[in-house]
Amino acid sequence: QVQLVESGGGLVQPGGSLRLSCAASGFTLDYYAIGWFRQAPGKEREGVFCFSASDGRVYYADSVKGRFTVSRDNAKNTLYLQMKNLEPEDTAVYYCATNSHYGSGCSRIGWHYGMDYWGKGTLVTVSS
């Protein structure tokens with residue numbers, strides 16, 4: 001059974017750093033598209049990162065390029081989102097999600113398309 005569990009959220013001051021984790025079970029990270037998404041209060045869900053298993057490419061949203069980095073620990077089957085230079089605008093619930101089709105990619109019309117398993121999210125609050 002596919003399951004994604006996010007952790008690591010919390011309160012951080014502007015300019016600070018935080019690392020989120022997405023522990024995956026029921027599938028192997030390397031072979032399926034997976035992404036990080038966020039949703040701020042009153043705003044639409046935004047794709048932050050997407051890994052395409054079809055061609056190995058990774059994509060970052062322009063709003064986080066140079067500040068956010070995604071890595072993985074294959075032994076733990078866990079995806080990490082390292083966030084630096086955080087801004088109040090980064091405040092949101094952060095979710096990881098995956099597409100359960102083997103070799104799946106990141107949809108060109110929106111990374112969330114095709115993502116059929118989602119974690120429950122972890123809240124990140126950037127505030128002084």
Checklist line | Pair Glu89, Ser63: side-chain N/O donor-acceptor within cut-off below 3.5 Å | finding: no
Notebook entry, point to check: Once you round to the nearest 0.5 Å, how far does OG of Ser71 lie from CG of Leu81?
Noted result: 9.0 Å
Check: Would you call Val64 and Phe49 a side-chain contact if the rule is heavy atoms closer than 4.5 Å?
Finding: no
Notebook entry, point to check: In terms of hydrophobic clustering (I, L, V, M, F, W, Y; side-chain heavy atoms under 4.5 Å; direct or indirect links), are Phe68 and Tyr80 co-clustered?
Noted result: no
Notebook entry, point to check: To the nearest 0.5 Å, what is the distance between CG (Asp116) and OG1 (Thr98)?
Noted result: 7.5 Å
Item checked: Sub-4.5 Å side-chain heavy-atom contact between Trp111 and Val48 -> no
Check: Under 3.5 Å, is there a donor-acceptor pair between the side chain of Asn85 and the main chain of Arg67?
Finding: no
Check: Are any side-chain N or O atoms of Thr91 and backbone N or O atoms of Val126, one a donor and one an acceptor, separated by less than 3.5 Å?
Finding: yes
Next item on the list: For this output row, return yes or no: ring centroids of Phe37 and Trp118 closer than 6.0 angstrom.
Entry: yes
Under 3.5 Å, sequence neighbours excluded: what are the donor-acceptor pairs made by side chains of residues 7-35?
unit_1: Asp30; atom_1: OD1; unit_2: Arg72; atom_2: NH1; d: 2.6

Margin query: How close do Ser54 and Gly105 get, counting heavy atoms only, and between which atoms?
Written below: OG-CA, 3.7 Å
Notebook entry, point to check: Can you tell if the side chain of Arg38 reaches within under 4.5 Å of the side chain of Asp90, non-hydrogen atoms only?
Noted result: yes
Note to self: Do Tyr102 and Leu4 land in one hydrophobic cluster if side-chain heavy atoms of ILVMFWY residues count as linked below 4.5 Å?
What the structure shows: yes
Check: Any chain of hydrophobic side-chain contacts (each under 4.5 Å) joining Val70 to Tyr117?
Finding: yes
Notebook entry, point to check: Ignoring hydrogens and geometry, is there a side-chain-to-backbone donor-acceptor pair from Tyr59 to Ser52 under 3.5 Å?
Noted result: no
Notebook entry, point to check: What heavy-atom pair brings Met115 and Cys50 nearest, and what distance separates the two atoms?
Noted result: CE-SG, 3.8 Å
Item checked: Any donor-acceptor N/O pair, Gln39 side chain to Ala92 backbone, under 3.5 Å -> no
Check: Can you get from Tyr95 to Leu123 by hopping between Ile, Leu, Val, Met, Phe, Trp and Tyr side chains that sit under 4.5 Å apart?
Finding: yes
Notebook entry, point to check: Would you say Val2 and Phe51 are hydrophobically clustered, going by side-chain heavy atoms of ILVMFWY under 4.5 Å?
Noted result: yes
